[in-house]
There are 2 protein chains.
Amino acid sequence: MITRRVTLSDVAKLACVSAITVSRVINQPEKVSGPVKEKVHSAIEKLGYIPNRSASALASARSGVIGVIIPSLSNNVFIEVLRGIYEIAGPAGYQVLMADSHYSHLEEESMVRTLLGQSPEAMIITGGGQTEYTNNMLRSAGIPVVQLMEILDEPIDMNVGISHRQAAYDVVSRLVASGYKKLGFVGARMDPRAQQRLKGYRKAMESAGVYRGDWVITTPKPSSIAMGAELFTSLMAKSAGECNAVFCVNDDLAMGALFECQRMQLAVPESMAICGFNDTEASALMNPPLTSVNVPRYDMGVKATEMVLRAIKGEALDNKVVDCGYQIKIRESTQRAIY
Amino acid sequence: MITRRVTLSDVAKLACVSAITVSRVINQPEKVSGPVKEKVHSAIEKLGYIPNRSASALASARSGVIGVIIPSLSNNVFIEVLRGIYEIAGPAGYQVLMADSHYSHLEEESMVRTLLGQSPEAMIITGGGQTEYTNNMLRSAGIPVVQLMEILDEPIDMNVGISHRQAAYDVVSRLVASGYKKLGFVGARMDPRAQQRLKGYRKAMESAGVYRGDWVITTPKPSSIAMGAELFTSLMAKSAGECNAVFCVNDDLAMGALFECQRMQLAVPESMAICGFNDTEASALMNPPLTSVNVPRYDMGVKATEMVLRAIKGEALDNKVVDCGYQIKIRESTQRAIY
DNA sequence: TTGTAAGCGTTATCAT
DNA sequence: ATGATAACGCTTACAA
C-alpha cells in the first residue's frame with residue numbers, strides 16, 4: 001500500500017471544490033468566500049497537505065528562492081552576514097539557497113549555474129571579480145543581483161558594503177598620528193577585502209612617511225587564531241623586534257597576536273600595540289580589549305536582502321549602491337600611556 | 001524585446017533533435033551516441049542553457065535537495081556541522097536548504113512544513129523533542145531523516161551524535177578525581193544538550209559526594225563570551241568565593257570566565273580552574289590553554305550527510321545510530337601544581 | 001465568487 | 001539510439 005503524496009486535487013475532491021479554489025485559499029484567500037475557505041482549510045488539515053513548491057514555481061515562474069554565495073563557511077564574518085539575510089528572507093516567505101565558493105571564482109561560476117537552475121528570484125553574492133561567464137549568466141538571468149561586503153567600481157547591479165581601503169586607511173592613520181610609527185602589517189588569506197585593507201594601511205603609512213615593505217607579512221593560507229600567532233612571530237623576526245605595533249587584517253589574527261604576546265611576555269600595549277579589523281565579540285572582552293574596526297556585517301545582510309525584496313516587487317530603489325559605513329573602536333590594546 | 005529563458009526544446013530545436021534526447025545528454029549521456037552528444041553540447045553552450053530544476057523535480061520526483069534545520073546561526077557549533085553537511089552534499093549533486101529554528105520547536109514545525117514543500121529527498125534536523133505534528137510530517141514524508149548532535153532514546157529514523165551527559169560526566173569525574181571538589185557549574189541557553197551536560201555534571205559530583213545545588217548557575221539567555229563573565233561573577237558571589245573551579249557548559253562561557261578571572265586578578269589555574277566544552281579553536285590557544293571536551297562537529301555533519309545519501313540510494317545501513325564519540329582535552333587551565 | 005482549460009519545462013513510458 | 005506522448009502539481013487566463 002503506497003501512499004502517494006497529497007496534492008491540491010486531493011484536497012479539492014475532499015472539500016468538494018475545484019483545484020483552483022484550493023490554490024486561491026492558499027495564495028489569495030481574500031478572493032474566496034468564508035464558508036468555502038473553512039471547508040478547504042479543514043480538508044487541508046485532515047489530509048496534512050503541503051503544497052509542492054516545484055509545481056508552483058514551474059506554473060507561476062516564481063520560485064520563492066533567493067540564491068546566496070559566500071566565499072567561506074569557516075569565516076564568522078560571512079556567517080553574520082548570512083544571519084542578516086535569513087532573518088529578513090524567511091519572514092518574507094523566501095527560502096535561501098546558499099553555496100560556499102571556497103574563495104574560488106571558478107567554483108563560484110559553477111555554483112551560480114547551479115543556483116540559477118533553481119530559478120532564484122534574486123542573487124546575493126560576495127564582492128566582485130567574478131568571471132566573465134558568471135557575469136553573463138547573472139545579467140541574462142534578469143533578476144536583481146546584489147554584490148555584498150565591499151563597494152565596487154563597477155557593480156553588476158546593486159552593491160552593499162563598505163570601503164575596506166578607507167576603513168584601514170582611517171584606523172592606521174589614527175594609530176600613526178597617536179605615535180605608533182613602527183606599525184607592522186599582518187594578513188592571511190588575502191582575499192580582495194584584505195587586499196584593500198593592505199592598500200589602506202600602505203597609503204596611511206606612506207602619507208606619514210613611515211612605510212616599510214619588510215614590515216608587511218602576508219600569506220594566502222586561511223586565516224585563524226593560530227595563524228595570527230605565527231605571522232606575528234614572523235613579523236617580530238623580520239623586523240628584528242623593531243615594530244612595536246601591528247595592524248592585523250582581521251580580529252582572529254589580532255587575537256592570535258595578543259595570545260602570542262602574552263606567551264612572549266610582551267606587554268600590550270606597553271611594548272606592543274595591536275589593532276584588529278571587524279570587531280568580533282571577543283575583541284572587546286579580551287585583556288586588554290582590542291582596538292578594531294566595527295563593520296556592520298549583520299546589517300549588510302539585512303540591507304542587501306531588503307533591497308532585493310524591493311527589487312523583486314518592482315519597487316524603485318533610491319540608490320543601487322549602499323555604503324554601510326564602519327566605526328573605529330579605539331581600545332586599550334593601542335592606548336599606550338607614554339610613547 | 002523580452003528574452004524568454006532558454007529551455008530544453010530551444011536546445012533541441014537548435015541541435016535538430018528531440019527534447020528528450022537533450023535531457024538524456026544531460027542525465028544519461030551514456031545512452032546517447034557521440035556525434036549527437038556533441039551537437040547537443042554545442043547547442044547548450046551557444047544558448048547558455050541552464051536546466052530548470054523545478055520542472056525536473058516535478059517530472060522526476062527527485063528534487064536534489066536536502067533539508068537542514070539547525071537551532072541557531074549564531075552558535076559556531078552548528079556552523080561547523082553545517083560545513084560538514086555542505087562539504088558532502090555539494091559534490092554529490094545535492095543542494096542544501098537550511099533553516100534556523102531559533103531553538104523553538106514551534107518555529108521548527110513551520111520550517112519543516114516549508115522545507116517539505118520543496119520535496120527534499122532527506123532531512124537533517126537537530127536533536128529530539130520535536131512536536132508531535134513535526135514527527136508526523138517527517139514520518140509521512142517517507143524520506144530519510146537524521147537527528148543530529150545528540151544520541152536520542154527514540155529517534156524518528158537515523159541518529160548521529162554523542163552523549164553529552166556521558167561526556168560531561170567523564171570530564172567532571174576526572175576533574176573531581178584530580179582534586180577539584182569545589183567545582184561550580186555555569187550554563188547559558190540550556191538547550192537539550194546543555195541540560196544533558198548539566199545532568200552529567202550533577203551525577204559526577206553526586207557520585208563523589210561533593211554536589212552543591214547552589215553552585216549551579218544557569219540562564220535561558222543566549223550564550224556568549226560576555227555571558228560567561230557575567231555568570232562566573234554570579235557563581236563567585238553565590239558561592240561566596242568558595243568555588244575554586246568551574247565547569248562551563250561551552251567554550252564561549254569558559255572564555256568569558258577566563259577573561260573575568262584575568263580582570264579580577266584570579267590566577268588560572270592556581271586560584272581558579274576552568275573547563276569548557278566543545279573545544280573550539282581559541283580554547284587551545286588562550287593563556288592558559290583551556291581544558292575542554294572535543295566534539296567532532298564537522299565529522300557529525302559529514303557522517304549524517306553520508307548516511308542520508310546512502311539511504312536515498314536505497315543502500316543498506318549497518319547502523320541507524322552512530323555515536324561519534326568525544327575526546328577530553330586536559331590543558332593548563334585545570335592543571336594546578338599543588339592542591 | 002467559482003470553475004474550465006491550457007500550459008509551465010522536464011522526465012517516464014512506451015514505441016520505433 | 002532516438003522519438004512521441006503523456007504525465008508531474010500547480011497557476012494563469014479566461015469564462016460562467
Side-chain angles (χ1 to χ4, degrees), chain A residues 2-41 43-44 47-65 93 114 116-121 141, chain B residues 2-41 43-44 47-65 93 114 116-121 141:
Chain A
I2 300 157
T3 48
R4 212 174 28 78
R5 178 166 166 174
V6 179
T7 71
L8 203 57
S9 38
D10 295 330
V11 176
K13 223 167 285 171
L14 181 61
C16 301
V17 296
S18 70
I20 185 66
T21 300
V22 179
S23 170
R24 286 204 187 98
V25 169
I26 295 168
N27 301 310
Q28 321 170 30
E30 71 281 0
K31 293 199 170 177
V32 180
S33 70
V36 174
K37 233 185 298 194
E38 275 183 41
K39 260 197 307 185
V40 171
H41 272 133
I44 287 177
L47 296 175
Y49 170 66
I50 298 177
N52 182 327
R53 291 293 298 174
S54 296
S56 168
L58 184 58
S60 70
R62 278 182 291 98
S63 62
V65 164
T114 308
L116 287 180
Q118 304 277 0
S119 318
E121 295 181 42
Chain B
I2 300 157
T3 48
R4 211 176 28 80
R5 178 165 164 174
V6 178
T7 72
L8 204 58
S9 38
D10 295 330
V11 177
K13 222 166 284 169
L14 181 60
C16 301
V17 297
S18 70
I20 186 67
T21 299
V22 178
S23 172
R24 287 205 186 97
V25 169
I26 295 168
N27 300 309
Q28 321 169 33
E30 71 281 1
K31 293 198 170 178
V32 181
S33 69
V36 173
K37 233 184 300 193
E38 275 183 40
K39 259 197 310 184
V40 171
H41 272 132
I44 288 177
L47 297 175
Y49 169 66
I50 297 177
N52 182 328
R53 291 293 297 171
S54 297
S56 169
L58 184 58
S60 69
R62 277 182 292 98
S63 63
V65 165
T114 309
L116 286 181
Q118 304 278 358
S119 317
E121 296 181 41

Quiz item: Rounded to the Å, how far apart are B:Ile26 CD1 and C:dG9 P?
Solution: 14 Å
Exercise. For C:dT11, take OP1 and OP2 only and decide whether either is under 4.0 Å from a side-chain N or O of B:Asn27.
Key: yes
Practice problem: Flag the pair A:Thr21 / A:Ser18 as yes when at least one side-chain heavy-atom distance between them is below 4.5 Å, and no otherwise. | Solution: yes
Practice problem: Verify the contact: side-chain N or O of A:Ser33 to OP1 or OP2 of C:dT1, cut-off strictly under 4.0 Å; return yes or no. | Solution: no
Quiz item: Does A:Ser18 have a side-chain nitrogen or oxygen under 4.0 Å from the phosphate oxygens OP1 or OP2 of C:dG3?
Solution: yes
Side chains of residues 47-58 of chain A: which donor-acceptor pairs under 3.5 Å do they make with residues two or more places apart or in other chains?
from    : atom 1 : to      : atom 2 : distance (Å)
A:Asn52 : OD1    : A:Ser54 : N      : 2.8
A:Asn52 : OD1    : A:Ala55 : N      : 3.2
A:Arg53 : NH2    : A:Ser63 : O      : 2.9

Quiz item: Roughly how far, to the nearest 0.5 Å, is CG of B:Leu8 from NZ of B:Lys13?
Solution: 11.0 Å
Quiz item: Just one of B:Val11, B:Ile44, B:Leu14 clears the side chain to side chain contact (heavy atoms under 4.5 Å, CB included) bar with B:Val6, so which one?
Solution: B:Val11
So which protein N/O to nucleotides 14-16 of chain C N/O distances come out below 3.5 Å?
none

Practice problem: Calculate the interatomic distance between B:Leu8 atom CG and C:dT10 atom P; express it in whole Å. | Solution: 5 Å
Quiz item: How close or far is atom P of C:dG9 from atom CG of A:Leu58, stated in whole angstroms?
Solution: 7 Å
Quiz prompt | Side chains of A:Ser23 and A:Gln28 in contact at under 4.5 Å (non-hydrogen atoms) | solution = no
Quiz prompt | Per B:Ser56 side chain, nearest of listed nucleotides C:dA12, C:dT11, C:dG9 | solution = C:dT11
Quiz item: Between NZ of B:Lys37 and NZ of B:Lys31, what distance do you get to the nearest 0.5 Å?
Solution: 12.5 Å
Quiz prompt | Outermost nucleotides of DNA chain D that come under 4.0 Å of a non-hydrogen atom of chain B | solution = D:dA1 to D:dG9
Practice problem: Using the salt bridge (Lys or Arg N to Asp or Glu O under 4.0 Å) rule, take B:Arg4 and B:Asp10 through it: C-alpha gap first, then chi angles, then the decisive distance, then the call. | Solution: CA-CA 10 Å; B:Arg4 211 176 28 80; B:Asp10 295 330; 3.2 Å; yes
Quiz prompt | Residue met sooner reading DNA chain D from 5', once B:Ile20 and A:Arg53 are mapped to nucleotides | solution = B:Ile20
Quiz prompt | Considering all heavy atoms, the nearest A:Gln118-B:Val65 contact | solution = NE2-CG2, 4.4 Å
Quiz item: B:Val17 versus B:Val40: any side-chain heavy-atom pair under 4.5 Å?
Solution: yes
